[in-house]
There are 2 protein chains.
Amino acid sequence: MATIFTHLDDKCPMVDFVNLVSGKWAIPILYRLIVTDDVIRFGALQRAIAPITQKELTKQLRAFETLGLVDRTVYPEMPPRVEYQITELGKTLKPTLDSLADWMREHREQLMQASETNSINL
Amino acid sequence: MATIFTHLDDKCPMVDFVNLVSGKWAIPILYRLIVTDDVIRFGALQRAIAPITQKELTKQLRAFETLGLVDRTVYPEMPPRVEYQITELGKTLKPTLDSLADWMREHREQLMQASETNSINL
DNA sequence: AATAGTAGGTACCAATAAGGTACTAAGGAG
DNA sequence: CTCCTTAGTACCTTATTGGTACCTACTATT
């Protein structure tokens with residue numbers, strides 16, 4: 001999951017990045033919270049990032065809370081209500097993730113075609 | 001590893017992204033190839049992205065080759081020589097990854113401090 | 001009144017991904 | 001002769017992820 005400081009070296013900021021913000025669903029979760037730009041409940045978040053599992057979403061959100069990227073508010077009701085929101089620190093990732101989303105939208109077809117013609121494990 | 005198309009939906013470009021460009025070391029590898037902007041041998045690449053293992057680097061590079069993000073040239077010599085280079089398609093990721101590297105450099109201290117005070121699994 | 005659905009988890013087990021050696025090839029240096 | 005080189009591969013162990021089932025207590029349907 002998140003944050004193994006075994007190799008936080010200056011050599012490569014990306015290695016630092018994967019050590020701090022790791023996990024398959026990390027970027028999709030942060031991106032969804034950023035584009036929402038408001039509080040969002042756990043269930044709504046999960047549906048937006050489908051097919052992430054509850055367990056993974058919980059684990060990642062807790063890690064992001066620890067890093068100060070996400071705020072978590074629990075309402076002691078039944079059934080439970082928990083609201084999440086991107087922090088100011090988390091919002092500083094917006095330009096970067098917007099850029100990544102644009103890149104993906106622009107090159108999705110080409111990438112899919114390449115991997116199909118070169119036959120990859122489906 | 002790379003490319004499971006089970007859930008390539010339009011809902012979230014980031015979910016598409018993690019399905020195409022997946023793996024812990026994917027971003028560090030692409031970033032290193034992009035900043036190098038020239039051919040680089042397997043060993044040099046591995047040392048630059050330490051502590052990645054040979055196996056992981058090989059696996060990811062093959063996946064990127066399939067996606068058309070990386071060129072691979074084998075020289076039938078002994079000891080073997082294999083050179084890798086980012087493609088034009090791969091270079092289109094440069095602004096995005098530069099932005100991510102800048103973000104990491106700018107917020108590294110804050111993130112590390114947050115995770116230390118909030119005590120995370122080391 | 002008994003069941004079904006709700007939302008945010010947790011516990012447990014299976015599947016997958018990643019890491020750690022050791023091994024290979026042909027030649028050159030010591 | 002032995003060691004060292006490089007880009008892998010094979011084999012095995014560990015870490016991460018996914019797939020159910022279960023819990024809480026209230027509300028709506030049957």
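Numbered from 1 within each chain, the chains take letters A, B, ... in sequence-line order. Values below: all heavy atoms of this structure, side chains included; hydrogens, waters and symmetry mates excluded.
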A.B. asks: Nearest whole Å is fine: how far is C/dT10 C1' from A/L61 CG?
C.D. replies: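 Value for this atom pair: 15 Å.
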A.B. asks: Please work out if B/Y84 contacts a base, only the sugar-phosphate, or nothing of the nucleic acid, heavy-atom cut-off 4.0 Å.
C.D. replies: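 Touches sugar-phosphate only.
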A.B. asks: State whether the side chain of B/S22 and the backbone N or O of B/N19 hold a donor-acceptor pair below 3.5 Å, judged by distance alone.
C.D. replies: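 Checking the backbone N and O of B/N19 against the side chain of B/S22, no donor-acceptor pair under 3.5 Å is found.
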A.B. asks: Scan A/L100, A/D98, A/I49 and name whichever one has a side chain to side chain contact (heavy atoms under 4.5 Å, CB included) with A/Y31.
C.D. replies: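 Result: among A/L100, A/D98, A/I49, A/D98 is the only option passing the side chain to side chain contact (heavy atoms under 4.5 Å, CB included) with A/Y31.
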A.B. asks: Quick one: which of C/dG8, C/dA18, C/dA22 gets closest to the side chain of B/K24?
C.D. replies: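 My answer, after comparing the listed nucleotides, is C/dA18.
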A.B. asks: So, OP1 or OP2 of C/dG8: does either fall under 4.0 Å of a side-chain N or O from A/R41?
C.D. replies: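 For A/R41, the contact criterion (side-chain N or O under 4.0 Å from OP1 or OP2 of C/dG8) is met.
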A.B. asks: Between B/S99 and B/P95 (side chain of the first, backbone of the second, donor and acceptor by atom type, cut-off under 3.5 Å), is there such a pair?
C.D. replies: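 Absent.
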A.B. asks: Return the value, rounded to whole Å, for the distance between atom CD of A/E77 and atom P of D/dA25.
C.D. replies: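 So the two atoms are 14 Å apart, to the nearest Å.
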A.B. asks: Let me spell it out: for each of A/Q54 and B/V74, pick the nucleotide of DNA chain D with the closest heavy atom. Which residue's pick is nearer the 5' end?
C.D. replies: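 Nearest-nucleotide comparison on DNA chain D picks B/V74.
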A.B. asks: Tell me which of B/I52 and A/A44 sits closer to the 5' end of DNA chain C, going by the nucleotide each one is nearest to.
C.D. replies: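 Result: A/A44.
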A.B. asks: Here's a test of your reading of the structure: between B/K55 and B/G43, which maps to the more 5' nucleotide of DNA chain D?
C.D. replies: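 Comparing both residues, the 5'-ward one is B/G43.
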A.B. asks: Between A/D16 and B/R105, is there a side-chain N and carboxylate O pair less than 4.0 Å apart?
C.D. replies: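 Answer for the salt bridge query: no.
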A.B. asks: Any idea which heavy atoms bring B/Y84 and B/R72 closest together, and the distance?
C.D. replies: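 For B/Y84 and B/R72, the tightest heavy-atom pair comes out as OH-NE, 3.1 Å.
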A.B. asks: Using modelled atom types and a 3.5 Å cut-off, is there a donor and acceptor pairing between side-chain atoms of B/T66 and backbone atoms of B/R62?
C.D. replies: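 Yes.
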A.B. asks: Rounded to whole angstroms, how far apart are OH on A/Y75 and C1' on C/dT6?
C.D. replies: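 Value for this atom pair: 19 Å.
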A.B. asks: Taking 4.0 Å as the cut-off, does a side-chain nitrogen or oxygen of B/R62 come that near to OP1 or OP2 on D/dA7?
C.D. replies: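 For B/R62, the contact criterion (side-chain N or O under 4.0 Å from OP1 or OP2 of D/dA7) is not met.
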A.B. asks: At under 4.0 Å, does any side-chain N or O of A/R81 touch on OP1 or OP2 of C/dT6?
C.D. replies: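 No.
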A.B. asks: Tell me whether the side-chain N/O atoms of B/W25 come closer than 4.0 Å to OP1 or OP2 in C/dA17.
C.D. replies: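 False: B/W25 side-chain N/O out of range (4.0 Å or more) of C/dA17 OP1/OP2.
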A.B. asks: Looking at every non-hydrogen atom in both residues, tell me the closest pair between A/W25 and A/Q60 and how far apart they are.
C.D. replies: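 The pair with the smallest heavy-atom distance is N-NE2, 4.3 Å.
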A.B. asks: Report for the helix from C/dA1-D/dT30 to C/dT24-D/dA7: angle between first-end and last-end helix axes, five pairs each, rounded to 10 degrees.
C.D. replies: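 The angle separating the two end axes equals 30°.
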A.B. asks: Output the rounded distance in Å from CD (B/Q46) to C1' (C/dA18).
C.D. replies: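 So the two atoms are 14 Å apart, to the nearest Å.
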A.B. asks: Could you tell me how far apart B/I40 (CD1) and D/dA7 (P) are, to the nearest whole angstrom?
C.D. replies: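 The distance from CD1 of B/I40 to P of D/dA7 comes to 10 Å, rounded to the nearest Å.
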A.B. asks: Starting at CD of B/Q60 and ending at C1' of C/dA17, how long is that distance when rounded to a whole Å?
C.D. replies: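 Distance check: B/Q60 CD to C/dA17 C1' gives 10 Å.
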A.B. asks: Name the closest nucleotide to the A/V82 side chain, picking from C/dA26, C/dA7, C/dG8.
C.D. replies: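 Within the option list, the nearest is C/dG8.
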A.B. asks: Is there a donor-acceptor contact under 3.5 Å from the side chain of B/Q46 to the main chain of B/T53?
C.D. replies: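 No; judged by distance alone, with no hydrogens or angles, the pair does not exist.
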A.B. asks: Of the nucleotides C/dA7, C/dT10, D/dT6, which has the atom closest to the B/P80 side chain?
C.D. replies: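 Ranking C/dA7, C/dT10, D/dT6 by closest atom to the B/P80 side chain puts D/dT6 first.
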A.B. asks: Taking atom P of D/dT17 as reference, at what distance in whole Å does atom CG of B/N19 sit?
C.D. replies: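 It works out to 14 Å between those atoms.
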A.B. asks: Mind calculating the distance between CD (A/E65) and P (C/dG9) to the nearest angstrom?
C.D. replies: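 In whole Å, C/dG9 P lies 10 Å from A/E65 CD.
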